[in-house]
Amino acid sequence: MPKRKAAHALKARSPGRKRRVQSPTEDQKVSTSLNPEYHPAYSELDNNRFCTRLLQLLPPSHEAPDEISCNISPHYLDTTEKPKYEALSYTWGDPTEEYSITVNSRPFRVRKNLMSALRHLRLEDEPRWLWIDAICINQASNEEKSTQVTQMHRIYHLAHRVVIWLGDSIDASGRALDLFRQIAILLNIDRNAYSDWHDIFPCSSQERKASDEAAMAGIFSRPWWTRVWVIQEAAYTHELVFMCRKTTLDITWVHLAEVHDWIGRNVSENYRLGIRGAEKMIFSVYTALEDIRRAEDFDTKALEYGNEVLDLLGHTRNLLATDPRDYVFAILNLDGPPGPCAGRRLIPVSYEMDTASVFTSAARAIINLPSYRDSNPHLDILCSVEIRTDEADFQCHPAVNPLVWAGRVDVSGLPSWVPNWAQPPISCELQSAKNASRGLKMQWSIEQETGSAKNCILRMRPLRIGVIATMGIDFTCTNSSAKDVFQDLHDMAAALDVFHIPYKQTYNEVVSRTLSGGGWEISEFTPITAYDTGDFDDLPQNTLDQIAQSILGRRSIALDTGFIGLAPRAAKLGDLVYIVPECSYPIAMREGGRCTATGGADSKNGTVYQVIGPCYIHGVMSGEASELTENFVPDTWQYEEIVVM
């Protein structure tokens with residue numbers, strides 16, 4: 001655990017004069033950040049070298065102590081002559097609240113949260129060198145943004161430290177950071193000896209515990225924890241310091257993850273939701289750190305496998321980005337720190353591309369990365385496709401903050417086989433890894449129209465294993481209980497003319513494993529006789545909880561071939577389920593006409609399909625399709641030439 005460094009002498013001052021946001025006059029254009037391309041501070045950067053601007057935050061002047069003044073100038077960060085600088089990580093905040101500061105002796109507008117950060121970062125008697133994206137990057141130049149975003153992970157990596165500005169001190173936030181420090185120190189000494197709240201706070205009364213829990217939940221509920229850019233900002237730094245007003249906390253990310261985990265296990269239920277607000281981001285940063293360390297250890301690239309990229313993109317779908325393209329740019333920039341691992345980009349960072357083109361280019365790049373299984377290109381990207389049906393998809397998800405799903409819109413022009421990474425998760429991740437296509441030799445290819453990055457079709461020859469003939473109750477938007485879902489699937493399976501039961505499995509096991517997505521069976525929890533008596537009231541609560549998690553965003557289904565499973569909530573009767581080449585899960589698809597290779601109609605070249613999403617189909621999840629004998633393979637199973645758009 002790093003020792004706490006002495007905090008800089010910071011003096012709080014009254015906020016600067018607030019200005020209304022309005023369109024500038026022609027005379028004002030040269031001095032406002034509404035049109036920063038006109039600001040004289042933005043001289044052209046040298047794109048042939050590792051060049052960026054650094055900000056010199058000046059001490060308060062005697063004449064105008066309340067005014068924030070700074071200078072920015074270009075610097076080459078690949079030399080030893082660069083200043084010792086800190087990189088700021090913060091949230092941009094409300095665009096309608098702006099304040100005036102001075103940059104290179106000219107007025108410049110910044111948002112409220114950055115204004116507050118600058119006030120508390122400013123030293124009393126000496127300049128402070130910083131890198132702050134909103135000021136150091138010309139935000140009005142897409143070309144410059146594209147270049148600088150490509151270099152951001154190096155900028156944070158080379159910084160002396162990263163200062164994480166959590167905002168002004170509210171809800172006893174200073175007390176919360178002091179508690180984090182105390183927990184981290186003791187866990188670093190002996191994690192087992194301090195597993196309980198009273199091990200660390202032996203004299204804490206119920207009132208004090210409730211007050212401390214509220215303070216810690218308030219810290220983890222702050223907007224900073226929801227930013228997608230935080231991942232690379234925190235992952236590449238040598239030293240982190242969290243800051244709320246005057247209070248600072250020096251801590252490593254590993255220790256922070258341990259503190260968060262300890263707090264989550266020890267706080268009261270009333271505050272657990274607030275603590276969980278930071279869980280996705282902390283886990284994503286920790287995952288990125290592990291990938292980067294592995295890359296350094298083996299002299300390879302971080303995120304070398306397509307599965308790694310998909311996992312990280314999946315974790316960040318519950319985070320926020322001002323620009324939806326940043327859901328890709330912020331993650332695909334994680335290729336390892338400067339050195340032998342640096343240099344590769346899965347796709348170029350370009351803000352000249354629209355969102356659909358960025359997502360489609362990323363999908364194609366990920367497909368061409370090797371998989372964990374056999375180091376071959378793969379189509380596991382189809383498992384990340386989720387279709388939004390209504391607001392209930394997001395409102396019911398336990399990990400989705402309303403701030404994340406509110407206002408999200410579909411990405412126009414996105415092919416159905418490309419995930420919308422700007423969309424929050426609809427369903428919980430299934431519990432066990434699968435490989436449904438194992439042993440099957442199936443062809444696939446991607447075809448692109450000339451001059452269009454997003455107009456790509458996926459041509460394949462998958463194995464059709466059935467049509468959705470029956471669907472269970474919609475657990476997500478009804479008042480149905482997990483017990484109702486269990487009984488519903490039981491009745492659905494009992495009504496099938498043909499019911500496929502894999503070798504050496506019982507009826508109980510098929511239904512229970514289906515409802516868990518293959519993760520468990522009822523007998524692992526408690527022996528029950530519900531199938532004999534028809535009484536499901538004896539199902540234990542832990543069983544019902546796991547059913548509720550697996551079925552969220554999904555519906556139980558039965559195929560016309562006698563298989564039962566789980567399909568996305570957006571699936572409909574008549575949708576087809578395929579085992580797709582080089583894909584871990586079967587995929588539900590919907591027929592929508594015919595097309596040529598370039599998207600025309602009425603061609604015999606292939607039937608057009610829309611991807612609905614991944615399914616769990618019990619009995620075919622581990623490559624059984626390649627191993628079943630002729631006695632078990634339904635006559636309706638067949639390979640089909642299809643086109644996915």
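Heads up: numbering here begins at 1 and tracks the sequence. The analysis underlying the following values was restricted to heavy atoms, covering all of them including side chains, and did not include hydrogens, waters or symmetry mates.
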Problem - Chi angles and distances behind the ring pair (Phe, Tyr, Trp, His ring centres under 6.0 Å) call for Phe242, Phe180 - result: CA-CA 11 Å; Phe242 287 84; Phe180 293 170; 8.2 Å; no

Return yes if some donor-acceptor pair links the side-chain N/O of [X] with the main-chain N/O of [Y] below 3.5 Å, else return no.
| X | Y | value |
| --- | --- | --- |
| Arg109 | Glu98 | no |
| Arg128 | Arg122 | no |
| Arg245 | His120 | no |
| Asn71 | Gln56 | no |
| Ser437 | Cys583 | yes |
| Gln139 | Asp133 | yes |
| Asn113 | Gly167 | no |
| Asn138 | Ala140 | yes |
| Tyr327 | Ala321 | yes |
| Tyr85 | Leu55 | no |

Handout entry: salt_bridge(Arg49, Asp78) N-O dist < 4.0 Å
Key = yes

Can you check whether [X] reaches [Y] side chain to side chain, under 4.5 Å on heavy atoms?
| X | Y | answer |
| --- | --- | --- |
| Met152 | Glu233 | yes |
| Phe108 | Ile72 | no |
| Thr91 | Leu320 | no |
| Gln423 | Arg317 | yes |
| Trp229 | Trp92 | no |

Exercise for the section: Could you tell me whether the side chains of Tyr351 and Asp326 share a donor-acceptor contact shorter than 3.5 Å? Expected result: yes

Practice task
Taking atom types as modelled, find out whether Thr52 and Gln148 have a side-chain donor-acceptor pair closer than 3.5 angstrom.
Solution key: yes

Problem - Set of ring pair (Phe, Tyr, Trp, His ring centres under 6.0 Å) partners for Trp417, sequence neighbours left out - result: none

Exercise for the section: Answer with yes or no after comparing the ring centroid distance for Trp129 and His75 against a 6.0 Å cut-off, counting only values under it. Expected result: yes

